[in-house]
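Right, one structure below, let's go through it.
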Amino acid sequence: MKATVIATFFGVFLTCTYTAKEATKKTKKAKLYVPQIDCDVKAGKIINPEFIAKCPPGCQDVKYRVYGTDIYASFSSVCNAAIHSGIIDNTGGKILVQKVAGHSGYRGSFSNGVRSLSLPRWRESFLVSEGKPRKGVTYPTTLEYSSSKSTTVKSEPKKPEQDLKGMKSADTANTSEKALEQGDTVRKENQTTPVPTPATQMATTTPTPMTTMTDPSTTMRQPTKTPAATRTTAAAAKTRPGLHRVRDMGSSSVHPAYASVVAAAASVQRQEPVATFQRAASSPAHLAMETDSWKPGLSLFDTGFSSKEELNPKPLEPISQGNQNCKVDLSFLMDGSWSIGKRRFQLQKRFLGNVAQALGIGSAGPLMGIVQYGDDPSTEFNLKTYANSKDLRNAIEKIQQKGGLSNVGKALSFVNKNFFLDANGNRGGAPNVVVVMVDGWPTDRVEEASRLARESGINIFFVTVEAAAQSEKQNVIEPNFVDKAVCRTSGFYSINVPSWFSLHKVVQPLVKRVCDTDRLACSKTCLNSADIGFVIDGSSSVGTGNFRTVLQFVANISKEFEISDTDTRIGAVQYTYEQRLEFSFDKHSTKQDVLNAIKRISYWSGGTSTGAAISYASEQLFSKSKPNKRKIMILITDGRSYDDVSMPAMAAHQNGVIAYSIGVAWAAPDELEAIASDPAKEHSFFVDEFDNLYRYVNQLIQNICTEFNSQPRN
């Protein structure tokens, strides 16, 4: 009996122990699970600040670009960066990713079969390490994405019985889409009570979040209790500056029919067609609903619309492919200042509507958004709000004038920082274009804002209507603001119209220029985006004749770039044992002045201290480079250096300098590679004699442009 009890007890003990072990195994298995990501996923697209993920096989590919070494720009492929750092190989595996602050420079290198590229600066970085959890840190089993990717990643294998649930979810999604098309339910949920505000302000109404919503709610003017005529006149009297002329003084009163339109429009939200590149269903951004308050083609003042009439939203228009020969992402800066007046503001809207029609808006063609500026700029709608010309024209007709000053520079800064974002519909592969409408002249400075916008990859066009009268010229801040705002003064990027009433004549010429993507070189391109410093060997072994050949080589490269204060700038250093600054980046602002300065450089003669020359160029030239400019060093030498070149070159690379080395005759190949940025074969060249230098002019410029085009916009 005793033996039986002992055996029974021992059996129960073994059973409990086994059960506990199995439970522990299951628990451990659940803790070890990590989400899988694709090879093309960039760190910047994942919101989580720290996560463990599993990379699939086959991520070691040049199409998955990597920027940096050890510390990577968040624009890099996460998995290929992990391969570059040696954490995993091409078979994949688990990695730990930690987000860190952005850096002013990322050094490219070749490591573990992956070539990473150099990058002057980026807003966010990340570190990759072995995929083991850190003590005390809880890691997500699903990753949250900031782009159009789904915000969840499958965390467990699907069970067979879940298939039926998946089918039900699909049915539910279809039902939601039908409800969105009909608009009734969404409209009721999104309605809000109007709040009386001053007529010169804008109020934002945020609808109830829904899983099918994608765009931010639209900004809308709210009615006031003050009579329309009194309200508008009073607002104009407070806002209009004495130095800025005012047109259409007699049109400040508002027609009663227009007042009823505003009151009716305030009670509903805009219905916006969803473009093909909309955000995911679980995105926090919301799609706002809108109804047509008046018929297309009618003037604001001819509608006779009553706020008591029932508003029924139209079904969504089918998504248009658009004019595929004109794939550009376009932003119009429309002048909403008081100087333009009510009547001319209507002419401006008609012009923008005609441009939208002529462009042929569509998901595979041009996309267009509008920013209105006055005292402060605001987005009327972004690139992904409307996907066909008809809806876009109707939306333009409903835009209300902001009033205020003509702060064009402020508006350009706003567009540069806020408009061309992935979340707003920027497609990346399409040129970014801004067309600025200006009535007369800006009330702030535009040169610096325009330069920064161009250096960020934005093509700027100006359409100026009329000009400052003789009595007003004393108040003009920048008389030649158009020439300062566009990168070339050839007339291609600027159109002056003598009167608002002749604006319709420039619709087709403007559309033709905007769609001429081959000539959209006014943005930050490889030819106008850099501070280029030449470091020239003037040692005794070069000789006077060969030195003149080197200077001709320098001149041949320089003249291929767009040179000005706001475009590419050129500087030069000559070295022997010592170093001499021939001219700095800010010394010459025209191409001819630069070429003349190169011609005047006198041969020095002496030893060859290339390492010291690189350090000198870093301190005297590139430390004074402009923000957002690429820093390019082109060093020409004919022999081995008397000092070390690797450490000064590495320091320059870490400070964001992209280095090209040109060797002649007795130049040492190992030093040329040490000086050059990675990959060295694309940044270093060698010729056997000085007379053959000319052969590498085009190759050098091509490599500079290829590297530039592979870099993302910051």
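Computed over heavy atoms, backbone and side chain alike; hydrogens, waters and symmetry mates excluded. The structure displayed is predicted, hence computed values, not measured ones.
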**Item:** Distance in Å, Arg123 CZ paired with His103 NE2, rounded so as to fall on 0.5 Å steps
**Value:** 15.0 Å
**Complete:** Rounded to the nearest 0.5 angstrom, the NZ-CD distance for Lys402 and Gln372 is 6.0 Å
**Asked** Which heavy atom in Ala449 sits nearest to a heavy atom in Gly409, and how many Å separate them?
**Response** CB-O, 3.4 Å
**Item:** Backbone of Asp567 reached by a side-chain donor or acceptor of Lys629 within 3.5 Å
**Value:** yes
**Asked** For Ile704 and Arg630, what are the C-alpha separation, side-chain angles and deciding distance, and is it a side-chain contact (heavy atoms from CB on, under 4.5 Å)?
**Response** CA-CA 10 Å; Ile704 290 173; Arg630 287 184 307 152; 3.8 Å; yes
**Asked** Is there a donor-acceptor pair under 3.5 Å between the side chain of Asp531 and the backbone N or O of Ser625?
**Response** no
**Prompt:** So, the side chain of Asn80 versus the backbone of Tyr64: is there a donor-acceptor pair under 3.5 Å, distance only?
**Reply:** yes
**Message:** Within the 4.5 Å heavy-atom criterion, are Gln36 and Pro56 side-chain neighbours or not?
**Reply:** yes
**Prompt:** Between the side chains of Ser109 and Asp678, does any donor sit under 3.5 Å from an acceptor?
**Reply:** no
**Mutual orientation of the aromatic rings belonging to Phe381 and Tyr386 [parallel < 30°, tilted 30-60°, perpendicular > 60°]** = perpendicular
**Asked** Could you walk me through whether Ile399 and Ile370 pass the side-chain contact (heavy atoms from CB on, under 4.5 Å) check?
**Response** CA-CA 10 Å; Ile399 295 175; Ile370 289 183; 4.2 Å; yes
**Request:** May I ask you to decide if Val41's main-chain N or O and Asp38's side chain share a donor-acceptor pair within less than 3.5 Å?
**Result:** no
**Message:** Set out, in order, the CA-CA distance, both residues' side-chain angles and the distance that settles side-chain hydrogen bond (donor to acceptor under 3.5 Å, both in side chains) for Thr385 and Asn382, then state yes or no.
**Reply:** CA-CA 6 Å; Thr385 307; Asn382 60 37; 2.8 Å; yes
**Asked** Can you tell me if Asn90 uses its side chain to pair, donor with acceptor, with the backbone of Pro57 under 3.5 Å?
**Response** no
**Item:** With sequence neighbours excluded, residues passing ring-ring contact (aromatic ring centres under 6.0 Å, His included) with Phe126
**Value:** Tyr72
**Pairwise side-chain contact, Cys79 with Ile37, heavy-atom cut-off 4.5 Å (strictly under)** = yes
**Request:** Side-chain contact test, heavy atoms from C-beta onward, threshold under 4.5 Å: evaluate it for Ile458 versus Asn416 and give yes or no.
**Result:** yes
**Message:** Tell me whether Lys631 contacts the main-chain N or O of Asn655 through its side chain, where contact means a donor paired with an acceptor under 3.5 Å.
**Reply:** yes
**Prompt:** Just by modelled atom types, is the Phe420 backbone N or O under 3.5 Å from a matching donor or acceptor in the Asn424 side chain?
**Reply:** no
**Prompt:** Does some side-chain heavy atom of Ile52 sit less than 4.5 Å from a side-chain heavy atom of Ile95?
**Reply:** no
**Request:** Please confirm whether the backbone N or O of Val66 pairs with a side-chain atom of Arg115, one donor and one acceptor, at under 3.5 Å?
**Result:** no
**Message:** One thing to verify: whether Asp422 and Lys45 come together as a salt bridge, which I'm taking to mean a side-chain N less than 4.0 angstrom from a carboxylate O.
**Reply:** yes
**Item:** Side chains of Phe419 and Asn426 in contact at under 4.5 Å (non-hydrogen atoms)
**Value:** no
**Request:** With the side chain counted from C-beta on, respond yes when Cys59 and Asp61 share a heavy-atom pair under 4.5 Å apart, and no when they do not.
**Result:** no
**Request:** Apply side-chain contact (heavy atoms from CB on, under 4.5 Å) to the pair Leu359 and Asn323, showing each step before the final yes or no.
**Result:** CA-CA 7 Å; Leu359 281 169; Asn323 178 11; over 6 Å; no
**Prompt:** If you measure from CG on Asn418 to OG on Ser378, what distance do you get to the nearest 0.5 Å?
**Reply:** 11.5 Å
**Message:** For Phe75 together with Trp122, are the ring centres under 6.0 Å from each other?
**Reply:** yes
**Item:** Atom pair CZ/OG1 of Arg107 and Thr69 - distance to nearest 0.5 Å
**Value:** 4.5 Å
**Message:** Could you check whether any side-chain N or O of Ser389 sits under 3.5 Å from a backbone N or O of Ile361, counting only pairs where one atom can act as donor and the other as acceptor?
**Reply:** yes
**Prompt:** Can Cys39 and Cys55 be said to form a disulfide (SG to SG under 2.5 Å), step by step?
**Reply:** CA-CA 7 Å; Cys39 296; Cys55 291; over 6 Å; no
**Message:** For a 4.5 angstrom cut-off between non-hydrogen side-chain atoms, does Leu96 reach Val128?
**Reply:** no
**Prompt:** Under the side-chain contact (heavy atoms from CB on, under 4.5 Å) criterion, do Met368 and Ile396 qualify, and how do the steps go?
**Reply:** CA-CA 11 Å; Met368 178 174 160; Ile396 291 171; 4.2 Å; yes
**Message:** One thing to verify: whether Arg134 and Glu50 come together as a salt bridge, which I'm taking to mean a side-chain N less than 4.0 angstrom from a carboxylate O.
**Reply:** yes
**Where Val114 and Gln60 come nearest, the two heavy atoms and their spacing** = CG2-CG, 3.8 Å
**Asked** Rounded to the nearest 0.5 Å, how far apart are CG of Leu333 and NZ of Lys410?
**Response** 14.0 Å
**Prompt:** Only one of Ser76, Ser116, Ser125 clears side-chain contact (heavy atoms from CB on, under 4.5 Å) with Tyr106; which?
**Reply:** Ser125
**Asked** Are side-chain heavy atoms of Ile632 and Phe622 found at a separation under 4.5 Å?
**Response** no
**Message:** Take a 6.0 Å sphere around NZ of Lys54 and say whether it holds more than 12 heavy atoms from other residues, nucleotides or ligands.
**Reply:** no
**Reported CG-to-NZ distance for the pair Asp329 and Lys384, which is rounded to 0.5 angstrom** = 12.5 Å
**Message:** Between His683 and Ala659 (side chain of the first, backbone of the second, donor and acceptor by atom type, cut-off under 3.5 Å), is there such a pair?
**Reply:** no
